[in-house]
Amino acid sequence: MKLPKEQVLDVFRETKALLEGHFQLTSGLHSAQYFQCAKVLQYPKYLHLLCGEIAKHFEYADVELVISPAIGGVVVGTEVGRMLRVRTIFAERIDGKMQLRRGFEIHPGERVLVVEDVVTTGGSVFEIVDLVKKADARLAGVGYVVDRSNGKILFEAKHFSVLQMDVVTYKPEECPLCKEGGTAIKPGSRGNY
Ligand code: ZN
């Protein structure tokens, strides 16, 4: 059984991964929520809990390799790979392109699970799926902790997210929180995030 949504949200709030208020996001848009996944993953028990959901979902998918995009996906990928007891690697963005470095390899025919922390546009995941295809390996699935795509992304493999968290954003001039007289905070500007 999947972890109840409210239970996951409580963990996000408790660890301050999810902040509620009035924020200006890096895109310039305003939102009543700000989410930083790394804040919850710093706690081993929650890393274990959330990654356990992904590992459980793909337990019988004959996964032979886990691969994640750096940096955000590495912590989650490593934990899922450890739980599934399979080799685990990561790809990193060099000159704007996701690549395998450090001698990492995807072997032909291998069943590969792609793991990420947060999927918004899915860009990094799609690039890794391409790496899997180029290696003549097989895609076992895509697993991630939080789906922020508002249901817009369709991966061609089985995909699973621990939590779907829709993002409601506003243009500053249309922001209801601004209209109430509030000021949007930039979460990154304090050096805390
Ligand atoms: Zn606003």
Side-chain angles (χ1 to χ4, degrees), residues 2-54 57 68-77 79-80 90-98 114-129 142-155 159-193:
K2 203 168 166 172
L3 267 183
K5 182 169 183 169
E6 267 315 310
Q7 193 183 329
V8 180
L9 285 172
D10 281 347
V11 169
F12 288 176
R13 289 190 196 106
E14 184 193 323
T15 56
K16 297 196 166 52
L18 179 63
L19 302 178
E20 280 158 349
H22 183 193
F23 303 99
Q24 183 177 336
L25 308 179
T26 43
S27 58
L29 297 173
H30 288 194
S31 179
Q33 290 186 326
Y34 180 76
F35 181 66
Q36 174 50 267
C37 200
K39 294 269 282 185
V40 63
L41 302 180
Q42 66 187 317
Y43 301 100
K45 67 174 174 181
Y46 297 137
L47 178 66
H48 185 84
L49 177 78
L50 298 168
C51 293
E53 292 292 291
I54 298 173
H57 186 84
S68 302
I71 296 172
V74 174
V75 174
V76 181
E79 182 73 359
V80 172
F90 58 86
E92 51 208 300
R93 197 172 289 288
I94 313 268
D95 299 327
K97 254 183 80 184
M98 272 296 167
V114 182
V115 171
E116 171 68 299
D117 58 348
V118 182
V119 166
T120 306
T121 63
S124 302
V125 171
F126 282 116
E127 280 186 64
I128 291 189
V129 168
V142 181
Y144 36 109
V145 178
V146 176
D147 180 1
R148 306 210 77 190
S149 73
N150 292 2
K152 279 183 210 139
I153 300 188
L154 282 177
F155 294 112
H159 55 278
F160 170 82
S161 65
V162 179
L163 181 74
Q164 194 175 334
M165 199 160 74
D166 290 343
V167 191
V168 181
T169 54
Y170 310 102
K171 289 178 191 164
E173 60 273 22
E174 291 167 5
C175 174
L177 300 162
C178 284
K179 281 181 185 150
E180 286 170 14
T183 307
I185 293 166
K186 278 188 205 168
S189 61
R190 289 176 176 178
N192 293 329
Y193 303 94

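Numbering of ligands and ligand atoms starts at 1, following listing order. Only a predicted model underlies this, so the values are computations on that prediction, with no experimental measurement involved.
Residue Lys2 qualifies as enclosed at atom NZ: its count of foreign heavy atoms under 6.0 Å is above 12.
The side chain to side chain donor-acceptor pair (under 3.5 Å) search around Glu14 returns Tyr46, not counting sequence neighbours. Lys171 is linked by a side chain to side chain contact (heavy atoms under 4.5 Å, CB included) to Leu29, Glu173, Glu174, counting only residues two or more places apart in sequence or in another chain. Glu79 pairs by the side chain to side chain contact (heavy atoms under 4.5 Å, CB included) definition with Leu47, His48, Cys51, Arg82, Met83, not counting sequence neighbours.
The structure places CG of Leu163 at 9.0 Å from CG of Leu50, a figure rounded to the nearest 0.5 Å.
The two residues Val74 and Ser68 come nearest to each other via the heavy atoms N-CB, 4.1 Å.
Excluding waters, the protein N/O/S atoms found under 2.8 Å from the Zn ion (ligand 1) are His22 NE2, His30 ND1, Cys175 SG, Cys178 SG.
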